[in-house]
Number of protein chains: 2
Amino acid sequence: MIRVLLAEDQQMLRGALTSLLAFEPDIEVIAEVADGQKAWELIQQEPPDICLVDIEMPHLSGLELAEKIKQANLPCKVMIVTTFARPGYLQKAMDCEVHGYLLKDEPIDYLIATIRKIMQGEKVVSKDLAASLFMKEQNPLNEREIAVLQLVKKGLTTNEISKQLFLTKGTIRNYLSTSIQKLQVESRQQAAQVAGEKGWL
Amino acid sequence: MIRVLLAEDQQMLRGALTSLLAFEPDIEVIAEVADGQKAWELIQQEPPDICLVDIEMPHLSGLELAEKIKQANLPCKVMIVTTFARPGYLQKAMDCEVHGYLLKDEPIDYLIATIRKIMQGEKVVSKDLAASLFMKEQNPLNEREIAVLQLVKKGLTTNEISKQLFLTKGTIRNYLSTSIQKLQVESRQQAAQVAGEKGWL
DNA sequence: CAAACTTTATGACACCTGTCATCAAGATTT
DNA sequence: AAATCTTGATGACAGGTGTCATAAAGTTTG
């Protein structure tokens, strides 16, 4: 019997999955929760065989949860189930050594099949995404540019950034200028956004 | 027998709902589609009793679809099923005279119960949202400000906007200035965003 | 060692942005 | 008719933004 914990914040999908998984003779949903924090508490008490986790959840994201599970070295597989095909997410998931990464755009049968495959030791990634693991563009930004863009993403102004990094206003603007050109966008906001989506921050 | 058409772009949820609705003896899913355009074509050919439609879908949004159905005066109820509690969406849905507006954060049983209620002529809105229909703030923007913000949302610059509206650069900036103050935000982008979310554009 | 590169800083330039005070023409109210 | 309101325009100001050329200091490479 495969014991599953389901962490997904959207009640309708969560309920539906639970109902449908219940029909599988070899699968048992031992818990379903709506946020990462709750999931983490349950997993520590009594680890399931596999956790299906959404990424965007309140309190603790699916990726953070995966990270914790990895660090605590719990005997529990992790499978990400998300809407988002962002390379950044996929990258982070790989860093956390998750066992599967599935898009919500796959049919349920595939989800179920994937659960079984993972329990047999395989690693599974949604087809469309598999390619992007190889084709991953490498980060054109240098350390300083990354640091600056991280602060831009938080909404800081040129001045605030310059204070935080102990650099001059002008220097910050130079880094932003080069970042903008490297990423082929038109403003610092856009730069921060695309760099974020690609997992470069 | 209640004949249902399901328009939802996320395959996993769509499949799950179809499977679960199939268990209800008085409900039949006659078609399931992944985008609004496809839904519209099918509905014209042979209208179902009720359409469950997501809002954010490719090609034709759920709200646009509702609009078309209303204008064509088809004998077909419309029920919005969405993640988003944005007052703007709800407002537009009401303008399209949809018969139900449900959040994906409701359980499936409620969804099913709602389908039956709607078929009996009731109108249903998710509990959390019902209040916001009464408490709706009124739009503080005037016509011109709205026109300008709509163009900002599309990403146009001050200059482009001024040409489109046959006004001066300066005038545009004045309208933006007042909009920004009325909405208590700090930039044209933010102004366009919050106005959009509230359904004022 | 000298040449070449990297990192950081500076100042100048053109342009955009939000605010404000003011103005003028037209419409509405008193 | 006079006072007031509305709509749009204008110019000025402070500040932000992106670009560029240039420079000093330190590091790496040939």
Side-chain angles (χ1 to χ4, degrees), chain A residues 86-88 91 136-201, chain B residues 86-88 91 136-201:
Chain A
R86 300 233 185 92
Q91 196 55 55
K136 72 175 163 190
E137 308 165 66
Q138 54 161 28
N139 192 338
L141 305 171
N142 64 37
E143 265 185 61
R144 284 308 202 176
E145 289 161 349
I146 292 173
V148 172
L149 285 184
Q150 282 171 341
L151 297 179
V152 167
K153 208 172 63 170
K154 287 194 198 157
L156 302 207
T157 68
T158 306
N159 256 313
E160 293 165 327
I161 295 173
S162 75
K163 272 172 208 150
Q164 282 239 354
L165 300 183
F166 304 104
L167 294 175
T168 321
K169 250 184 356 186
T171 307
I172 300 299
R173 289 198 285 148
N174 286 339
Y175 284 139
L176 284 170
S177 185
T178 56
S179 303
I180 286 169
Q181 285 171 274
K182 285 179 179 176
L183 300 175
Q184 310 200 64
V185 292
E186 300 204 298
S187 74
R188 56 230 273 142
Q189 317 299 347
Q190 281 177 40
Q193 167 140 2
V194 324
E197 282 173 10
K198 301 243 184 185
W200 291 338
L201 300 188
Chain B
R86 300 232 185 93
Q91 196 56 54
K136 70 177 164 188
E137 308 166 66
Q138 56 162 26
N139 192 339
L141 305 170
N142 63 36
E143 264 185 62
R144 284 309 201 178
E145 289 160 351
I146 292 174
V148 171
L149 286 184
Q150 281 170 340
L151 296 179
V152 167
K153 209 172 64 171
K154 287 194 197 159
L156 301 206
T157 68
T158 306
N159 256 310
E160 293 166 326
I161 296 172
S162 74
K163 272 172 208 151
Q164 282 239 355
L165 301 183
F166 305 102
L167 294 176
T168 321
K169 252 184 357 186
T171 307
I172 300 299
R173 287 198 284 150
N174 287 339
Y175 284 138
L176 282 169
S177 184
T178 56
S179 304
I180 287 169
Q181 285 171 275
K182 284 180 179 176
L183 300 176
Q184 309 201 64
V185 292
E186 300 205 299
S187 74
R188 55 229 273 138
Q189 317 300 345
Q190 281 176 40
Q193 166 138 5
V194 324
E197 282 172 9
K198 302 243 186 183
W200 292 338
L201 300 188

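No hydrogens, no waters, no symmetry mates; every other heavy atom, side chains included, goes into these values.
The two residues B:E145 and B:Y175 have their closest heavy-atom pair at CG-O, 3.9 Å.
At least one side-chain heavy atom of B:L176 sits less than 4.5 Å from a side-chain heavy atom of B:L149.
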Would you give me the side-chain donor-acceptor pairs under 3.5 Å for residues 159-170 of chain A, sequence neighbours excluded?
from: A:E160; atom 1: OE1; to: A:T157; atom 2: N; distance (Å): 2.8
from: A:E160; atom 1: OE1; to: A:T157; atom 2: OG1; distance (Å): 3.4
from: A:S162; atom 1: OG; to: A:N159; atom 2: O; distance (Å): 2.7

- Query: For nucleotides 8-21 of chain C, read 5' to 3', which letter fits each nucleotide if B means a protein heavy atom sits under 4.0 Å from the base, S means only the sugar-phosphate is that close, and - means neither?
  - Reply: SBB-B----BBBB-
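Across the helix from C:dC1-D:dG30 to C:dT30-D:dA1, the helix axis at one end is tilted relative to the axis at the other end by 10° (nearest 10 degrees, each axis from five pairs).
Rounded to the nearest 0.5 angstrom, A:Q91 CD and A:N139 CG are separated by 10.5 Å. Here the CG-CG distance, from A:L183 to A:L141, works out to 5.0 Å after rounding to the nearest 0.5 Å.
Straight-line distance from the CD atom of A:E160 to the P atom of D:dG16: 10 Å, rounded to whole Å. The interatomic distance linking A:Q184 (CD) with D:dT19 (P) rounds to 12 Å, in whole Å.
In terms of the side-chain contact (heavy atoms from CB on, under 4.5 Å) criterion, residue partners of A:I180 (sequence neighbours excluded) are, by chain and number, A:V185, A:A191.
Listed by first then second residue, pairs satisfying side chain to side chain donor-acceptor pair (under 3.5 Å) with a partner in residues 183-201 of chain B read B:E137-B:K198, B:T158-B:R188, B:Q193-B:E197, not counting sequence neighbours. For residues 147-156 of chain B, there are no salt bridge (charged side-chain N to carboxylate O under 4.0 Å, His left out) pairs, not counting sequence neighbours.
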